[in-house]
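Here the structure comes first, spelled out in structure tokens, and everything after it is commentary.
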Amino acid sequence: MTREFKEDIIASVRRDYERFAEQRRPYEMQWRLNMNFCLGNQYCTAFPDGEIRDVERDYYWQEREVFNHIAPLVEMRRAKLRTVRPTLTVRPFSSDDGDVKTAKAATKILNAACDKLNIDAVITDGTMWSELCGTSFYYIGWDESAGIKLGDGVYEGDVAVSAVSPFEIYPDDLFAPDVADCRTLIRARAVDVDEIGRIYGKTVEPETSAVISVDSAAVGGGLVAVGTLNKLAAGESGHSAVLIERYSMPTREHPDGELAIVANGELLHYGALPYVNGGDGRRGIPFVRQTSINIAGGFFGTSVVERAIPIQRAYNAVKNRKHEFMNRLAMGVMAVEDGSVDIDNLEQEGISPGKILVYRQGATPPRMVETGNVPSSFDIEEQRLLNEFTQISGVNEMMRSSEAVTANMSGVALQLLIEQDDTRLSLSAEYVRTAAREIARQILRLYKQFAADARLSRIVGQGGQVELMRWSASDISSDDVIFATDNELLSTPAMRQNMMMELYKMGLLFDADGKMSDTAKRRFMDALGYGGWDGDIDMTAVHISRAEAENMKGSYKISEFDDHELHIQSHTRYLLSECGTGRKADKLSAHIKEHKLARALAAKSEEAVGGVETPVPSEEAIDNNRQGG
């Protein structure tokens with residue numbers, strides 16, 4: 001790589017970064033305004049030059065308190081979206097036994113990876129950014145320094161997933177529907193120069209980097225009080241440099257795409273896109289986009305904070321004007337004839353109880369100006385604005401205040417309010433689910449690309465048992481990740497529990513004899529959230545767990561302690577739904593026949609001794625009976 005070529009790449013990356021940053025500036029200004037209002041700095045506005053500045057008060061006595069309804073609104077939405085964690089499973093490439101087996105293995109690998117990477121916490125951070133700014137991103141890459149240490153400075157490597165704020169992402173097209181539709185995407189952020197040297201092995205000189213930090217602003221308060229509010233302010237970082245990563249999608253000239261990394265005039269890396277993370281084995285940009293509310297034809301989404309800002313400004317104005325009116329009522333407004341009294345003394349001390357007010361002989365005594373009562377329109381407007389918060393945000397008053405609106409509200413009415421909230425939030429929840437699915441797909445694709453050597457993962461097996469699984473990239477034949485559960489907001493645990501109780505009352509969980517089987521009873525307890533409550537003494541669960549373990553291992557052997565009825569049900573269910581055809585299916589079919597034979601022999605033994613239960617025949621007795629009959 002010649003020097004001229006390096007300089008051309010550096011100049012090209014810098015030009016793209018400045019151009020993308022300029023066209024994204026209006027969005028960034030709105031994000032900063034949203035974050036200021038959520039922090040409590042609600043006396044600021046965006047100026048035509050692109051800067052956000054505080055607005056000073058017009059008079060010293062002007063009330064400037066902040067009554068922040070945006071922060072609890074965002075917190076409530078984040079708390080509701082926190083429950084959206086879909087159960088993901090890998091769909092097999094075909095119905096072939098090998099594909100079905102590897103799909104199950106890939107599901108276990110995915111669950112183990114998500115648990116190890118703490119994907120729940122990552123999605124929680126990403127949801128925070130999407131609720132504040134309207135859009136968040138996730139970076140899914142390969143960390144060569146992660147995993148088990150194999151030698152001196154050599155590690156096994158593992159997937160790295162992190163939430164990325166929208167301030168770091170610069171697309172070439174603001175009207176691209178998704179990351180995959182961008183031709184070029186830049187990630188730029190201030191990074192410590194020592195960290196850059198550790199990662200890329202090159203020395204980069206520090207530069208003055210613009211960063212955003214939290215500061216304080218004394219713009220609030222009232223007549224005699226000054227309130228200090230948190231705000232977002234522009235700052236500088238001295239011992240860092242702007243690390244610019246430019247990702248370019250594959251073209252004819254570059255079929256594997258391009259990745260150029262530049263920091264303060266130094267080319268740190270140039271090559272093809274490193275990850276085969278796209279569909280059909282293609283290379284793509286390693287970012288996943290998540291929005292709070294999609295905008296038609298827009299790359300960046302919008303947030304409910306943006307919609308609530310005008311209402312919050314109006315609410316602060318109404319409350320403060322109301323308090324100013326009440327201040328006039330409480331302290332009064334006095335009319336004094338010029339020269340009739342000592343104005344300085346009256347201004348400092350006011351009219352205290354028992355005070356002797358001396359005024360000039362022949363002058364008009366000071367009098368209090370009648371200001372009337374607080375107009376009822378203030379209360380009406382205040383309540384109307386509170387209702388608008390509910391209409392705009394999709395979170396009703398009961399959810400925001402964590403209490404019922406009226407004391408005599410029925411349970412049906414409360415349930416309807418909760419369902420209305422869930423319906424309004426279901427769209428944002430679906431974007432979280434879609435992002436989680438795409439993250440899972442890219443995790444599997446990276447493992448398929450880099451995990452060529454065998455590795456161990458700790459997984460939760462059948463019956464909640466923890467086991468170690470040895471796997472490699474060859475065990476991942478499909479990356480078609482699908483949802484195993486419905487939208488969690490549309491099917492909450494409370495709704496499922498109520499449905500189970502209704503089914504129980506209607507008798508739909510009972511068999512023909514009007515009794516609930518042990519299997520149905522165990523699943524009923526699981527649905528109510530009490531699974532494992534009696535796990536230590538539930539022999540039914542033990543037998544089913546043993547039968548399911550046999551299904552997965554493919555090793556079948558009858559024990560004299562087996563409950564043949566439960567084993568037959570479990571093996572037959574697996575044979576008809578998941579096992580497929582082939583040698584394993586033949587072995588399982590023969591094993592089911594052995595269980596049926598053992599059950600029949602046990603029944604004959606009971607009849608022979610007059611109904612007294614005898615031990616289950618041993619395996620040798622079953623073999624002898626099979627050979628004789």
Side-chain angles (χ1 to χ4, degrees), residues 1 6 9 90 102 105-119 121-122 138-164 187 189 191-204 239-241 243-247 254 256-264 266-278 281-288 439-460 466-479:
M1 187 183 299
K6 289 183 179 181
I9 293 296
V90 179
T102 54
T107 301
K108 294 181 178 180
I109 294 169
L110 177 61
N111 293 334
C114 291
D115 182 64
K116 180 172 59 176
L117 298 173
N118 199 5
I119 296 298
V122 176
Y138 301 97
Y139 170 77
I140 303 96
W142 186 262
D143 186 0
E144 296 180 351
S145 61
I148 300 174
K149 187 175 183 180
L150 303 177
D152 187 13
V154 179
Y155 293 85
E156 187 180 42
D158 206 343
V159 175
V161 182
S162 60
V164 179
R187 180 186 183 184
R189 63 197 188 279
V191 180
D192 189 274
V193 293
D194 295 336
E195 182 69 11
I196 294 177
R198 184 189 68 82
I199 297 175
Y200 299 99
K202 294 183 180 182
T203 302
V204 176
H239 196 261
S240 63
L243 185 67
I244 306 174
E245 304 170 3
R246 187 182 69 178
Y247 299 86
H254 303 280
D256 290 333
E258 286 183 287
L259 172 59
I261 303 177
V262 175
N264 197 14
E266 292 289 336
L267 182 61
L268 305 178
H269 173 83
Y270 180 77
L273 290 174
Y275 306 130
V276 184
N277 55 1
R282 299 177 181 177
R283 297 177 185 267
I285 300 174
F287 291 97
V288 173
I439 291 172
R441 288 175 175 174
Q442 295 204 20
I443 288 175
L444 289 178
R445 291 164 184 168
L446 290 184
Y447 277 136
K448 189 171 181 62
Q449 180 182 359
F450 293 103
D453 299 328
R455 54 178 65 201
L456 288 175
S457 292
R458 186 173 63 177
I459 63 174
V460 179
V466 179
E467 59 185 54
L468 289 177
M469 176 181 176
R470 182 179 295 274
W471 60 276
S472 64
S474 60
D475 294 311
I476 305 174
S477 63
S478 173
D479 55 22

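Only heavy atoms go into these numbers, but all of them, side chains included; no hydrogens, no water, no symmetry mates. Being a predicted model, the structure only gives us computed values, none of them experimental.
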message = A quick test of your reading: do over 12 heavy atoms of other residues, nucleotides or ligands sit less than 6.0 Å from CZ of Arg189?
response = yes

remark   = Of all heavy-atom pairs linking Ala263 and Val204, the shortest is O-CG1, 3.6 Å

query = Do you know the tightest heavy-atom contact between Tyr138 and Ala163?
reply = CD2-CA, 4.1 Å

message = I want to check something: taking the side chain as every heavy atom from C-beta on, are Tyr155 and Asp143 in contact at a cut-off of under 4.5 Å?
response = no

query = Can you tell if the side chain of Val159 reaches within under 4.5 Å of the side chain of Trp142, non-hydrogen atoms only?
reply = yes

task = Using the ring of Phe287 (Phe, Tyr or Trp, six-membered ring only), decide whether Arg187 places NZ or CZ under 6.0 Å from its centre and within 45 degrees of its axis.
result = no

inquiry  = What's the separation between atom CD in Glu258 and atom CD1 in Ile9, rounded to the nearest 0.5 Å?
reply    = 6.0 Å

query = Short question: side chain of Gln449, backbone of Pro274 - any donor-acceptor pair under 3.5 Å?
reply = yes

key: Residues, nucleotides or ligands: over 12 heavy atoms within 6.0 Å of Glu195 CD   = yes

message = Can you tell me how far apart SG (Cys114) and CD1 (Ile109) are? Round to the nearest 0.5 Å.
response = 12.0 Å

ask   = Of all heavy-atom pairs between Ser457 and Ala112, which one has the smallest distance, and what is that distance?
value = CB-CB, 4.1 Å

remark   = Interatomic distance, NZ@Lys6 vs OH@Tyr270, rounded to 0.5 Å, equals 13.0 Å

Interatomic distance, Leu267 atom CG to Lys202 atom NZ [nearest 0.5 angstrom] = 5.5 Å

note = For Arg441 and Asp479, the nearest pair of non-hydrogen atoms, with its separation, is CG-O, 3.3 Å

remark   = Value for OH (Tyr200) from NE2 (His269), rounded to nearest 0.5 Å, stands at 8.0 Å

ask   = What are the two closest heavy atoms between Gln442 and Val288, and how far apart are they?
value = NE2-CG2, 3.7 Å

ask   = Does the pair Asp158 and Lys116 meet the rule for a side chain to side chain contact (heavy atoms under 4.5 Å, CB included), with working shown?
value = CA-CA 10 Å; Asp158 206 343; Lys116 180 172 59 176; 2.6 Å; yes

message = Give me the atom names and distance for the closest heavy-atom approach of Ile443 to Ala113.
response = CG2-CB, 4.2 Å

ask   = Has the side chain of Ser472 got a donor or acceptor atom that lies under 3.5 Å from a matching backbone atom of Asp453?
value = no

query = Does some side-chain heavy atom of Tyr247 sit less than 4.5 Å from a side-chain heavy atom of Pro286?
reply = yes

Validation row: Lys448, Val276 side chains within 4.5 angstrom (heavy atoms) = no

inquiry  = Could you measure the distance from the CG atom of Leu259 to the CD1 atom of Ile285? Nearest 0.5 Å is fine.
reply    = 10.0 Å

message = Between Asn277 and Ile140, is there a side-chain heavy-atom distance shorter than 4.5 Å?
response = no

inquiry  = Keeping Arg455 on the side-chain end and Glu156 on the backbone end, is there a donor-acceptor pair under 3.5 Å?
reply    = yes

Side-chain heavy atoms of Leu268 within contact of Leu243, under 4.5 Å = yes

message = Quick one: does any side-chain atom of Asn111 pair with a main-chain N or O of Thr107 as donor and acceptor, under 3.5 Å?
response = yes

key: Leu117 vs Val122 side-chain heavy atoms within contact, under 4.5 Å   = no

